[in-house]
Amino acid sequence: MLMKSKSPGEQIEQLLRDYCHALDEGQVDRWTGFFLDDAVYQITTRENIAANYPLGIINCQGRGMMEDRIKALQTANIFESHTYCHVTGPLDVREEFEGRHTVRSNFVVYRTMYTGQAELFASGKYLDVVDTSSGAALFAERIVVIDSRCIDTLLVYPL
Amino acid sequence: MHSAHTCPAVAPSIPSAKAQPPEDFRWPEGGVSRVPFQVFSDPAIYAMEQERIFRGPVWHYLCMELEVGKRGDIKTTWLGETPIIVTRDADGIVHAMINRCAHKGALVCLKDRDNRESLTCVYHAWNYGLDGRLKTVAFQNGLRGKGGMPEDFDPSRHRLEPLRVEVYCGMVFGTYSAETEPLHDFLGDSTRAFMERNMKHPLKILGVHSQMIHNNWKLYAENVRDSYHATLLHTFYTTFKVNRLDMDGGIVLSDKKWHHISYSKRATLQAAAEYKEANVHSAKFDSDLEGPELLKAWEGFDDGITHSIQTVFPTLVMQLTLNSLAVRFFVPRGVDKTELFWVFLGYETDTPEQEHMRVMQGNLTGAAGLVALEDGCINSFVQRGTATSPDRAAFIEMGGRVAESNESSRATEAAVRGFWHGYRNIMGF
């Protein structure tokens, strides 16, 4: 649990760090816990954003849909096991109104699959709305915009 | 809509050195119910396919008509491995041509999409009309009376190599061959009727992306015709009763068996004991959705069909899963690599609520599709399993040994056999 004594900026940094470390350690159970109940999580491409197309690669409206996705990948979907390594850039944080911040950061994700080799899987930017009003930072929105239009093989775990 | 360019002024030249199959290659006994693994990994067969299928007497999907909706629109795409330009000229006519300058062979169009009055090669500024005809050559007459092209240089004898084009159901099709039958006949009655059901509406694009899959292109062509696997591998389908073999449904093969339609009717589910008895992996996951709005849908048609996959030989797929309408097409990128493109669609007449439902159902398919992401890796499992055993063959006898329609069951590989029927026919195997 995050302590109230931390500044909003520190809380946001910790949220983004914990998020990446949870996914990179394979702790997908923790993933939905980084979001507000009615949060939006999307993965789309630079091309879709530029063309103003509403349909990307993943679109979860609310934590229920995120939980379904995690349950599906844990119990239903079939794929070869693999791991992620997130590397993120510095944050650009702006407070929009009390307790709500827009945050932009760049990322790359390396994926290690059955070949045993780590390969660059995705690069892009996180466009986040982070809520710190409850004293613990949580995502109200995380839009993941990847640079490539092309996904290698498949995309199972959230980015 | 505007008509398409149908009769090229210059027929593309046919390569004189015909690609040949490897000398020891022979299709095994058993006809279309056996597929030699060699066809998935042999570079010589792959080269032959480029010639006989992709440059042969077959219609190929090139792009959505919407992508060249306005005069001057330019879209680049591929036919097999060959880079292609599709344009709409100032008269509204759609053209397609090889993206290769008549001078040195450089790519002429570099962008995915563009809008221009003409096409100019960046290398030496040769300039072409949107119909591919050469208009001007830089320094044709040299400078200050020196240099320039020979006096007998005739621009009308040089152009971007054209394809024959037809536009149908919002899609642009092209073919190299002057011998290809009209698209109407190539598709056949049953294929056209179902394409018109789903696609003959004012379309709009809702989203696009692609997947690089690590397998020969024909493994994906089989995969989308394989109604046997769909509800076994794709757990999500079965669990949430989007598509199961114990719903009413069937397989319709086109007259020539090259194309197919697989459909099911969700309202007719009568849970069959076989799903439990066979200990089917995909029947184990039986909990409800936390976010049920994922599957919110409306009945768009009055024929009861709620799920359909339709193929057009060789590399076009149309899906309507609940309301999720999409075109998929796949491009060979080498003998063991294929790029699978997804174009998610709606109708211009959709209400905002309907569009929202289509967008949410977009979660079901695509590179991260809850019901279909397995197809990104399953064909690679076959590629890796077969690559070292070219002398062995697949055994494809579910539902019989012939390629015939089956309107009572989808526990059949009839459409897969239909693909191989067409493939052997055109390849001469």
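Below, read A as the first sequence line, B as the second, and so on, with proteins coming before strands; counting in each chain starts at 1.
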> Is the closest basic N to carboxylate O distance between Arg88(B) and Asp73(B) below 4.0 Å?
Replying inline: no
> Looking at side-chain heavy atoms only, is the closest gap between Thr365(B) and Phe344(B) below 4.5 Å?
Replying inline: yes
>> When you compare the side chains of His234(B) and His229(B), does any donor N or O come within less than 3.5 Å of an acceptor on the partner?
In response: yes
>> Tell me which of these, Glu293(B), Arg384(B), Arg358(B), His214(B), has more heavy-atom pairs under 4.5 Å with chain A than the rest.
In response: Arg384(B)
> Between Arg69(A) and chain B, which part of the residue has a heavy atom less than 4.5 Å away: side chain, backbone, both or neither?
Replying inline: both
> Hey, which residues of residues 42-52 of chain A are touching chain B, say heavy atoms under 4.5 Å apart?
Replying inline: Thr45(A), Glu47(A), Asn48(A)
> His356(B): what forms a ring-ring contact (aromatic ring centres under 6.0 Å, His included) with it, not counting sequence neighbours?
Replying inline: none
> Does a side-chain N-to-carboxylate-O contact under 4.0 Å join Asp92(A) and Arg94(A)?
Replying inline: yes
>> Do the side chains of Glu355(B) and Lys204(B) get close enough for a salt bridge, i.e. N-O under 4.0 angstrom?
In response: yes
> chain B: which of Gly62(A), Gly56(A), Gly64(A), Ser148(A) shares the most heavy-atom pairs with it under 4.5 Å?
Replying inline: Gly64(A)
>> Non-hydrogen contacts under 4.5 angstrom with chain A: give the residues of residues 328-340 of chain B involved, or none if there are none.
In response: Arg333(B), Glu339(B)
> Judged by modelled atom types alone, do Trp342(B) and Gln211(B) share a side-chain donor-acceptor pair under 3.5 Å?
Replying inline: yes
>> Considering only residues two or more places apart or on different chains, which pairs with a residue in residues 52-73 of chain A satisfy ring-ring contact (aromatic ring centres under 6.0 Å, His included)?
In response: none
> Side chains of Ser380(B) and Asn215(B): do they bring a donor and an acceptor to under 3.5 Å?
Replying inline: no
>> Need one label for Asp112(B): side chain, backbone, both or neither, based on atoms under 4.5 Å from any heavy atom in chain A.
In response: side chain
>> Is any side-chain heavy atom of Phe34(A) closer than 4.5 Å to one of Asp18(A)?
In response: yes
> Top residue by heavy-atom pair count (under 4.5 Å) with chain B, among Leu73(A), Asp152(A), Val156(A)?
Replying inline: Asp152(A)
>> Any non-hydrogen side-chain atom of Asp38(A) less than 4.5 Å from a side-chain atom of Gln61(A)?
In response: no
> For Glu374(B) and Asn77(A), does a side-chain donor sit closer than 3.5 Å to a side-chain acceptor?
Replying inline: yes
